Each structure stands twice: as structure tokens, then as C-alpha cells.
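One structure below.
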Amino acid sequence: MTKLSSNTRLDDDFFKLLRLSLGLTQELPAKMDAHGWRLLYQMALRQSLVGVCYKGICLLPEDCKPPVEIAMQWACEAESIKGMNELLYQETARLTREFEEQGHRTAILKGQANARLYPDRYARQPGDIDIWVEGGKDCVLAMLPHHSKAIYHHVHLPVNKQGVTVEVHFRPSSGNFNPMTNRRLQRWLEREILLAAQVEENFRVPSVKFALVMQLAHIQRHFLSEGIGLRHVCDYYWLLQHSTVEDRRIVSSVLRKFGLYHIAMALMWVLGEVFRLDKSLMLTAADSYRGNWLLREMVTDGNFGWYAQRQRFGLLRRVYENKRRHLRLMKFDFWEAFWLEVKYWSNIVWTLPTRIRYRKLSLRDFQR
């Protein structure tokens, strides 16, 4: 697969196509040959933004559109994404109904709760369904199949007959690595999620200010541990567009004590640079140093870091590269990166007996 780097003409053309697709500008990407369009399509795949970017393809003048075979491939993928969204809206409503019939409040986190904010509610590329269920860990586990696996904040269910993956949350967020800021963050989220409201899609969604805080923590955690992509930034853009002045004031006031200030400054820079977000909608001042860092990794590593070069190494080399990266990340946010390392080495110790029993070196199958 062709390696993409930041600050290239291809990146600029992709950003222009993305802004056109979302109706943010009328600026067109440069005319390009079939090879250029393949690279652009590849980048949309890496960022999980094929469905969103297809809207821009449809808006291009005829002499600027991709070759027919690439356009058809893009159209087929966009249609598949639309069908998957339709299924996930149905499954989300069904799960909400089933849990609430058992007397438990619910809320949909990320996913379809975000998709409904887009200009085209079927264009966002979906993943799994994240549903928070009231009652705590023991209560949630009692309602689910006995073989379901629980980690810190959710239970991961097997893929169902419709091909949908569901994560049932008994905590509203995976939170921070720093235990001090995480306690404050989780307490606030647990109170705020009780205000989740019913929407016309027949499920409940948390308030916008909850989503702004929770999804910022989600972005930070994944960026530090593995990687994050532009789809999550796109989600955040629409959350800010649907926020009120009061929402943003409240969120801005809690960022420091929740350990989210540095990632917020970086994200505001990316939103301004790529999405042309108006400064009046920003939660903090933009930090170009951290923002450039965040965007560079998003572009090169793709959604959730799936395309990072370090992922293609063998186990020992991959561990070495991840450790080097974590050390560098201390310049981004010292305490979060420090506690990430503490968590890693504590997991080494905690999982040692189990890994010896199953004769496995990797930690991937043994999470707490």
C-alpha cells in the first residue's frame, strides 16, 4: 500500500474534497489522473470516510470526476455504507427497546448518535454499536450471555446474526490513563448521562456537552495508545456545530481538571486547519505544535492507527516501536503518557500467569 505523508498535495486535495463533501466550502481538489484518484480513494478508506467523501464526488464537474471504474467502486462502497447505517439504526432502536423493557435506562454513545448529526445521516461509515445501560457492571453482566467478556468499561458481545457488533457499557467511557483525572471525569459523565433524551430515531442520546467531553477523552485515549483518524474529528466538528454557547462554556471550564486540555488544543487546531471551524465554536485556543503532531499521525497511520508502519513489524519490534512512541508522547501530554506506561507494565505483571498457561506472549487478548 502506498505510504501517505502529511503536508503533501494529495493531503490538501483530500481535505478539499472532504470540505466540499460536508458543504463547508466550494473549493475543488485539483484535476488528477487515475493514479491520483486511486490514492485519494485509498486515503478515504484509511480514514473511514469513503461514504462522506462520495458526496463530494457527486458534486464535482464532469471534467474533474474520477475515472468510471474508480467512481463505480466509490459508489458501491457508499451504497454499502448506507445499507449498514440503515441496519444499525434499526438494531440500535431494537436494543434500546429490549433493555428499557427490562427497566434499565440506556444511551447510545458515538456511532449512530453522531451519524444523525451529519447532513446525510447515512453517509458516516459505521463501526459497532456502543450502548450504555444503567445499573453497573454486575447488573449488566447478569442480563447478558455468560460467555460475554467484560473489561474496564464495557462488555463486548459476539457478532450477532445481522453481522453487527455490540459493546454494552456499564461505564460511560474508557476514560483517561491518569487515575486522578479519570475519577473526576467518570463522576461527571455518570451524572450527565442520566439526562440522555429520546430522539426521533427511537433511541436515547446523551447531551451535546456530555458527547463533547466523552468523545474528547475517547480521541485522547486512542491517539495515545494506538492512533485515531479523521472520522473522529469529523464527528467532533458536527458536535460543535450542534452545541450551544453554554455547552461550550461548560465543557471549556472542565477540560483542565479532566486532563483533556492538551488534546483539546491540538484538536481545535486540526478542526481549524482541515475543517475551517470558526474560532467562535472552539473550546480552547489552537495549539499548532500538538495539532500538527496529531494531524500528521492521523494522515500517516489512518483510522485507529490500523495503517501505521509499526503494526507491520513482528511482536518484539512492534513492542519496541510502541515504547519509543510512548516516550515521545510525553512531550504531548506527560501525565497521560506516563500513566499509559504504568498501565502497560502493570498488565504485563497481572496477565503473566494467564499468558504462561496459554503460552502466549501478546497482551492483546488479556485486557483489564
Side-chain angles (χ1 to χ4, degrees), residues 4 9-90 92 110-127 199-201 205 211 215 228-243 270-278 281 295 298-299 302-304:
L4 300 176
R9 178 177 171 180
L10 180 64
D11 299 340
D12 291 338
D13 284 333
F14 180 75
F15 298 154
K16 287 175 184 176
L17 178 62
L18 180 56
R19 289 192 291 267
L20 178 69
S21 303
L22 295 172
L24 309 183
T25 69
Q26 298 300 312
E27 190 178 9
L28 303 179
K31 292 183 181 180
M32 61 189 78
D33 58 14
H35 176 68
W37 274 110
R38 288 191 195 96
L39 290 177
L40 211 61
Y41 176 68
Q42 192 178 98
M43 191 165 183
L45 281 174
R46 291 161 69 104
Q47 299 298 333
S48 296
L49 287 170
V50 172
V52 169
C53 288
Y54 181 67
K55 312 302 292 185
I57 298 296
C58 296
L59 295 172
L60 291 174
E62 287 301 320
D63 60 338
C64 292
K65 288 186 176 181
V68 173
E69 63 178 87
I70 298 174
M72 289 297 294
Q73 185 179 13
W74 214 313
C76 288
E77 184 68 20
E79 191 63 25
S80 174
I81 289 168
K82 178 182 178 182
M84 193 63 185
N85 270 303
E86 290 172 343
L87 173 61
L88 261 64
Y89 279 122
Q90 294 169 11
T92 299
K110 305 172 294 181
Q112 301 313 111
N114 286 337
R116 56 184 290 276
L117 303 179
Y118 280 60
D120 180 347
R121 60 197 291 269
Y122 299 105
R124 181 187 183 272
Q125 187 162 326
V199 293
E200 63 181 25
E201 290 83 3
V205 300
Q215 291 183 44
I228 201 76
L230 282 167
R231 181 184 65 166
H232 295 85
V233 185
C234 197
D235 286 349
Y236 213 83
Y237 174 86
W238 290 113
L239 284 172
L240 286 169
Q241 289 294 335
H242 286 81
S243 68
V270 175
L271 284 163
E273 187 74 10
V274 177
F275 292 84
R276 302 290 190 260
L277 181 69
D278 190 276
L281 297 177
L295 181 59
M298 286 177 170
V299 171
N303 198 40
F304 288 126

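Please read all numbers here as calculations on a predicted model, not as lab measurements.
You'll find the side chain of L295 reaches within 4.5 Å of the side chain of F15, heavy atoms only. Between L271 and L281 the shortest side-chain heavy-atom distance does not fall below 4.5 Å. With contacts defined as side-chain heavy-atom distances shorter than 4.5 Å, the pair L60/L20 qualifies. A heavy-atom distance below 4.5 Å is found between the side chains of C53 and F14. Residues L17 and S21 have side chains in contact (heavy-atom distance under 4.5 Å, counting atoms from C-beta outward).
Judged by distance alone, the side chain of N303 and the main-chain N or O of I228 form no donor-acceptor pair under 3.5 Å. Using a distance-only test at 3.5 Å, with no hydrogens or angles considered, a donor-acceptor pair links the side chain of Q47 to the main chain of M298. R276 places a side-chain N or O within donor-acceptor distance of the main-chain N or O of E273, the cut-off being under 3.5 Å. At least one donor-acceptor pair closer than 3.5 Å links the side chain of T92 to the backbone N or O of L88. With R231 contributing its side chain and Q125 its backbone, the two residues share a donor-acceptor pair below 3.5 Å. W74 places no side-chain N or O within 3.5 Å of a backbone atom of I57 that could act as its donor or acceptor partner. Listed for the Y89 side chain is a donor-acceptor partner under 3.5 Å among the backbone atoms of R121.
Legend: residues meeting ring-ring contact (aromatic ring centres under 6.0 Å, His included) with Y237, ordered by chain and number and at least two apart, are F275.
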**OP:** Start with the C-alpha gap between Q112 and N85, add the side-chain angles, then the distance that decides, and say whether side chain to side chain contact (heavy atoms under 4.5 Å, CB included) holds.
**Re:** CA-CA 8 Å; Q112 301 313 111; N85 270 303; 3.2 Å; yes
**OP:** For side chain to side chain contact (heavy atoms under 4.5 Å, CB included), just list the numbers for Q73 and E69, CA-CA rounded to whole Å, side-chain angles, deciding distance to a tenth of an Å, and then say yes or no.
**Re:** CA-CA 6 Å; Q73 185 179 13; E69 63 178 87; over 6 Å; no
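K16 and L28 get closest at one heavy-atom pair: CD-O, 3.7 Å. Shortest non-hydrogen contact noted between R124 and N114 is NE-CB, 4.1 Å. Contact detail for D13 and A30: the closest heavy-atom pair is OD1-N, 3.1 Å.
For K65, the NZ atom sits in a packed shell: over 12 heavy atoms of surrounding residues, nucleotides or ligands are nearer than 6.0 Å.
The distance from atom SG of C76 to atom OH of Y54, rounded to the nearest 0.5 Å, is 8.5 Å.
No salt bridge links K110 with D235; every basic N to acidic carboxylate O contact stays at or beyond 4.0 Å.
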